[in-house]
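Chain letters run A, B, ... following the sequence lines, proteins first and then strands; every chain starts at 1.
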Amino acid sequence: MAKKTSFASAKNPSQPAEVPLEKAYESQGVEGRIYAAWEKSGYFNPDKLPSQLTKKTAKPFTIMMPPPNRTGILHVGHATGIALQDIMIRFERMRGKRSLWVPGTDHAAISTQVKVEQMLIKEGIKNPRVELGREKFLERVIAFAEDSGKTIVSQTRSMGASCDWSREAYTFDSPRNAAVVEMFRRMSEDGIIERGNRIVNWDPQFRTTLSDDEVLTKEVKAKFLTFSYDKNFPIVISTTRPETKFGDTAVAVHPDDPRYRKFVGKAYEPVFCGKKLRITVIADKAVDPAFGTGALGVTPAHSMIDSEMAERHGLPTVQVIGEDGRMNETAGPGYAGLTVAEAREKIEKSLADAGLLQKVEEVAQNLPVAERGGAPVEQLPMQQWFIRVNKPFKLRQNTLGKWKKGQKATLKQLMAEAVRSGKTDIVPEQFNKVYFHWINNLRDWCISRQIWFGHRVPVWYRGGEQKVSDVSPGKGWEQDPDTLDTWFSSGTWTFSTLGWPKKTPDLKEFHPTDVLETGRDIIFFWVARMVLMSTYALGEVPFKTVYLHGLVRDEQGRKMSKSLGNVLDPRELAGKYGTDAVRLSLIIGLSPGADTKLGEEKIASYRNFTNKLWNISRFILMTTGGVHAPKSRPLPKTLADTWLLGRLDATVAAVTKDLETFSFSHAGETLRDFTWGDLADWYLEIAKIEGGKDAVLSFVLDAVLKLWHPFMPFVTEEIYQRAFIGGAKAKKGAEFLMVMPWPKAKKSDMKSVDKDFGVLRDVVTSLRSIRATYRVEPSKKIDATLVSAKSAALLKKHAVVIASLARVEKLDVLAKGKQPEKTVGDVVSGVSVFVPLGALVDMGAERERLAKELAEIEKYVESLGRKLENADFVSRAPAQVVTGEREKLAAAKDKAAKIKEQIAALE
RNA sequence: GGACGAUUAGCUCAGUUGGUUAGAGCAUCUCGCUUACACCGAGAGGGUCGAAGGUUCGAAUCCUUCAUCGUCCACCA
């Protein structure tokens, strides 16, 4: 033990030399130092991994970190993702794969711009974009994004993320910009990016289009008006948006509606609030005859559905609301310039005055609002860039093993095939349905945005000409002022991060990536778009597995939000409890796709566990001296040794399988049960008694630290350094637990060993329970007699262990024997346990207790008996089950008989 | 309106293809500073597995209906 040297404890001169670890684990002093050492080693980069770990045949394992938005700091949701990804990466790295985890951040276009705009308004600049102008405004946004990016990177490091910083990427840096431009160019050439005049979601507040996914619905109360355009118009219609009626070009009814059949096909020119309309009555199945009056005013310019109807019937489009969210000149006289709300009020009044208004009802309405800013979204026809998802195009390469180069397919088909074929697997699987449902209802994707922060649409105009290029094609050319939807660039994430469009070695080795781990809320926004981009550009899926985690909520199940003040900052938590504890609390108790509640109490309990592991190690090191990791599996000397090694094998096998199948929570629980229960509570206590355990203890500690390392990288690395490696003396390529090989499980039949150990454990527990029930002082030793025909030899052999663990002075083990006087008894695992307690025994109470126990066991015997007498059960149930039930019955009968004996002895 | 998910001890959740007298952690109660750990140890109490039917030799597990909660999608103009 004196030879123990440790580079870390050298900093702690007050520590006695013979104690290798301090009494409690203090994370603060450890994490920064360890992370810096890891990073310096270069092992986060798969190209620099030690060759003895990644043999020449090693496969790659790749994860692209979902780039956090540069809109602020990371929250616990990000921390969950980082923890899960780091577990996978560390696990696969230790298994010898060339593990690559590419970190990065997302410029997040509209989110970031809105955020900065709001900050500037707070600073007192009323209309930042107008006052500052494009260039100055963008400077502010870029500066903010820069700061946010730095914070995010430092937070990611402090979470212990073993990602390859040498490959760090940003969706708005120049390699990614090159990918965006190339993607745009190819899609334009293939005719799937087109400019067109279509109905888009328009945010009048930020004056930009929004994708369908950037629009939320908010329930509001609205007035539902029922009226006719004018006195001569024969049909009554209803709407919550009378102001759009200036743009009506038809009235639609259901083809089978007898009330209106006679009007279908006729044209009218009613005067609506002073404006002459040209209305055709059309029949369309989309109309619900039971709703309202069964007749619908069709406004092709301001409703997606009406626009589709207009297309079917060849109706003209009349726009009456402008980009400023106000009525335009096409609206009725005296309406131009009014806001939508003002116009609505005025129309209601005008209709009422004219006696046209039949009914005003208050209804609940789902109002579309902008995700950012919350302003009501208008639907307007506009010139925008679209990705056509239903248009067949010629494939540039063989695709998904289904299509050959030159064949035609649509983007929608590619997106569906990726998941349908199983090339991409979604975990948990119920999200497959959600994915397909979304794909089936997918409309063309509007990719242009009228905001400034983002990739500029790489299109230049001169006269009627158009060119795709990221730089000016020459004099007289003007670039499109719009920018691209942020998901256009992040859609390329899995391969633009590997150098695409260049044919790099990285791209060849690491794509498709293995796992995409992300929040279940962005399956459409992002996951589907990556599938689109990757299948289009490379002909292959972007990732083999999508693992979705749920939302982290507060203790009461509420979403964490700044306004509620219930946001947990991962930095604060990590400072208080240690990063390892935070990681565990975000992984154990979570199932994929399901939301989770997180409170500080839970984190504290995992902090306790990190300390437990620390102290287990401390004890083992005090016993063994540490320094060198064991080279080979030790030979077990006692039952406890065999049992523990068997339990370790089972644990290694279970944890490995769990990690392979994304059952992270279960892996953690299994590992904790082994570590705390089997190892600490039982084996270490026995080791104190039996002694001579150095080899087994070292071996098990080595394995346990490796198994825990993906979950708790810091504390395990620190212990490993100080227990086995000894700092500077380490061999090249073996200086870190991080690059040690993952433990292997030996297969062996442990049934009888587990059973024998179970008997010992049950007997000890029984004795302890008797002591507690009868309030025997812990310091006072008792006598005990164990009687068992079957287990006498086993019990005798381990009498010392049993006696020590249960604090027994004189332990008699008999194959057959009589119950001593004045004893308390119990029956466990076929062993009769007797403890003479003399005057302490209350004969009456004891008789009652035994009687109660007997009644229970007899009830059980009876139910088993009935089951076994049932001919149907015996003939239909599998033989194995029947045998099992017979064994149970025999054991229960035996126990009942023994309890009866004990009762008799009390007489 | 549609789809999906959840409902198991006071709380958070496990329960693999139906075969346990239904488990764990936290919390609670009792006892304990037994030289790794009080961020600990030992012991104990606590559940008619949301409700009602059904299938089966056997249901927490499968089916039907209902209730409550949650999420997503679509929206009726």
Side-chain angles (χ1 to χ4, degrees), chain A residues 19 21 23-25 217 224 237-241 244 252 286-288 290-293 295-299 303-306 309 363 365-366 368 428 430-431 433-434 437-438 441 520-521 523-524 550-551 555 557 577 581 588-591 593-599 601-602 604-623 663 665-666 669 672-673 676-677 680-681 684-685 688 764-765 768-773 775-779 804-807 856-857 859-861 863-864 867 870-878 880-882 884-885 888 892:
Chain A
V19 180
L21 300 179
K23 199 169 170 181
Y25 173 61
T217 53
F224 189 52
I237 58 166
S238 306
T239 186
T240 54
R241 298 213 54 191
T244 64
V287 179
D288 176 2
F291 187 84
T293 62
L296 155 71
V298 182
T299 323
S303 158
M304 216 79 91
I305 291 182
D306 291 11
M309 222 182 273
V363 295
Q365 187 199 19
N366 289 321
Q430 68 253 32
F431 282 91
K433 268 192 188 168
V434 182
H437 183 257
W438 186 81
N441 294 298
R520 64 121 217 270
D521 48 329
I523 179 165
F524 308 134
L551 245 58
E555 276 169 303
Y577 301 104
I588 298 182
L590 267 79
S591 41
D595 290 356
T596 181
K597 295 175 192 170
L598 178 70
E601 218 176 55
K602 185 175 178 188
S605 78
Y606 287 111
R607 184 266 325 263
N608 296 353
F609 180 70
T610 59
N611 191 55
K612 184 72 183 181
L613 182 64
W614 180 265
N615 272 288
I616 287 167
S617 310
R618 183 169 189 252
F619 173 77
I620 292 177
L621 296 182
M622 285 169 89
T623 306
S663 304
S665 176
H666 194 256
E669 284 175 67
R672 184 196 51 202
D673 291 348
W676 205 319
D681 291 343
L684 294 190
E685 294 308 317
K688 288 176 188 170
V764 169
T765 303
R768 285 170 173 172
S769 176
I770 289 170
R771 296 181 61 112
T773 310
R775 305 279 152 89
V776 179
E777 283 171 48
S779 52
S804 305
L805 291 177
R807 316 214 100 230
E856 252 170 58
I857 194 79
K859 213 167 118 195
Y860 183 46
V861 168
S863 83
L864 281 174
K867 200 180 207 177
N870 184 339
D872 282 335
F873 171 70
V874 178
S875 62
R876 296 191 193 192
Q880 205 185 339
V881 174
V882 178
E885 298 296 296
K888 279 186 214 163

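Using a 4.0 Å heavy-atom cutoff across all strands shown, K597(A) reaches sugar-phosphate atoms only and no base atom. Within the nucleic acid shown, D681(A) comes within 4.0 Å of sugar-phosphate atoms alone, with no base atom in reach, counting heavy atoms only.
For K23(A) against A38(B), no side-chain N or O and base N or O form a donor-acceptor pair under 3.5 Å. A donor N or O paired with an acceptor N or O is not found under 3.5 Å between the base of C37(B) and the side-chain atoms of N611(A). You won't find any donor-acceptor pair under 3.5 Å spanning the side chain of R775(A) and the base of C31(B), going by distance alone. At a cut-off of 3.5 angstrom, counting only N and O atoms as typed in the model, there is a donor on one side and an acceptor on the other between the side-chain of K612(A) and the base of C37(B). Below the 3.5 angstrom threshold, one finds a donor paired with an acceptor across the side chain of E685(A) and the base of A36(B).
When rounded to the nearest whole Å, the span between CD1 of I588(A) and C1' of G23(B) equals 16 Å. Note: CZ (R672(A)) to P (A24(B)) measures 11 Å, nearest angstrom. Look at NZ on K602(A): it is 8 Å from P on C13(B), rounded to the nearest Å. Distance H666(A) NE2 to G23(B) P: 15 Å, rounded to the nearest Å. Between the CG atom of N441(A) and the P atom of C73(B) there is a distance of 12 Å, given to the nearest Å. In this entry the distance linking CD1 of I616(A) with C1' of C39(B) reads 13 Å, nearest Å. A straight line from CD of Q430(A) to C1' of C4(B) spans 7 Å, rounded to a whole angstrom.
Between the side chains of S605(A) and E601(A), not a single donor N or O lies within less than 3.5 Å of an accepting N or O.
Using a 4.0 Å cut-off between charged nitrogen and carboxylate oxygen, K888(A) and E885(A) count as a salt-bridge pair.
The phosphate of C40(B) (OP1 or OP2) has a side-chain N or O of N608(A) nearer than 4.0 angstrom. The side chain of K433(A) contributes no N or O atom lying less than 4.0 Å from OP1 or OP2 of A3(B).
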Toss me the dot-bracket line for RNA chain B: Watson-Crick and G-U wobble, both under 3.5 Å, 5' to 3', using | for pairs to another strand and [ ] for crossers.
(((((((..((((.....[...)))).(((((.......))))).....(((((..]....))))))))))))....
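With values rounded to the nearest 0.5 angstrom, K433(A) atom NZ is found 11.5 Å from H437(A) atom NE2.
Listed nucleotides G43(B), C37(B), A74(B) differ in distance to A772(A); the shortest reach to its side chain belongs to G43(B). Checked against U71(B), G43(B), U20(B), the side chain of T765(A) finds its nearest nucleotide in G43(B).
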